[in-house]
Amino acid sequence: MNEFTYSAMSEQELRQEIANLRERARKAEQLGIVNEYAVFERKALMAEAYLVDLSTINPGEMYRINGSPGEFFQVDYLKGRFAWGHRLGSDRFEEALPVSILRPMKEGK
């Protein structure tokens with residue numbers, strides 16, 4: 001399936017799709033197909049974004065970036081399943097991150 005159908009999927013279907021994508025990514029990594037691995041990982045992150053309760057992502061707040069220890073992201077606004085904002089320490093360069101990679105500051109200290 002593609003990310004355009006993720007919004008129509010149930011939680012169970014999304015979790016199955018994520019598992020399938022992670023498995024395909026794992027196989028690509030084992031075969032040394034780096035670009036294919038990256039594509040499946042990104043698709044899994046997008047599918048995971050549809051499992052996030054958007055009311056838990058608040059504009060103006062700072063979040064940890066999952067997979068990037070020591071990096072923090074301040075959310076300016078949400079658009080779809082992306083949080084737009086900037087990384088702490090950057091020159092306010094605006095970027096969009098899937099909400100699935102944001103973690104509350106109080107988590108994982």
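Every heavy atom of this structure was used, including side-chain atoms; hydrogens, water molecules and symmetry mates were not.
- Separating the CD1 atom in Ile18 from the OH atom in Tyr50 is a distance of 12.0 Å, to the nearest 0.5 Å.
- Each of Arg103, Arg87, Arg64 was checked for a salt bridge (Lys or Arg N to Asp or Glu O under 4.0 Å) with Glu71, and the lone residue meeting it is Arg87.
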Check: residues 33-42 side-chain donor-acceptor pairs under 3.5 Å, at least two apart:
| residue | atom | partner | partner atom | Å |
| --- | --- | --- | --- | --- |
| Glu41 | OE1 | Arg22 | NH1 | 2.6 |
| Glu41 | OE2 | Arg22 | NH1 | 3.3 |

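- Heavy-atom neighbours of Gln30 CD from other residues, nucleotides or ligands within 6.0 Å: above the threshold of 12.
- Taking CZ of Arg15 as the start and CG of Asn20 as the end, the distance is 14.0 Å to the nearest 0.5 Å.
- To the nearest 0.5 angstrom, Asp76 atom CG is 10.5 Å from Glu95 atom CD.
- Glu61 is not listed as a side-chain neighbour of Gln74, based on a closest heavy-atom distance of 4.5 Å or more.
- Side-chain atoms of Met105 and Phe72, non-hydrogen and from C-beta on, do get closer than 4.5 Å to each other.
- Here the straight-line distance linking atom CG of Asn58 with atom OG1 of Thr56 works out to 7.5 Å at 0.5 Å rounding.
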Show your reasoning for whether side chain to side chain contact (heavy atoms under 4.5 Å, CB included) applies to Tyr6 and Lys43.
CA-CA 10 Å; Tyr6 293 156; Lys43 284 185 174 190; 4.1 Å; yes
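- For the pair Arg26 and Glu23, the salt-bridge criterion is met [side-chain N within less than 4.0 Å of a carboxylate O].
- Summarising the geometry, atom CD belonging to Glu17 is positioned 11.5 Å from atom OG belonging to Ser10; distances are rounded to the nearest 0.5 Å.
- Of all the heavy atoms in Ala96 and Trp84, the pair that sits closest is CB-CE2, 3.4 Å.
- Under a 3.5 Å cut-off, the side chain of Arg81 and the backbone N or O of Ala49 do form a donor-acceptor pair.
- The hydrophobic cluster containing Ile57 also includes Leu45, Val52, Leu54, Tyr63, Ile65, Phe73, Val75, Leu78, Leu97, Val99, Ile101, Leu102, under a criterion of side-chain heavy atoms closer than 4.5 Å among ILVMFWY residues, counted directly or through chains of members.
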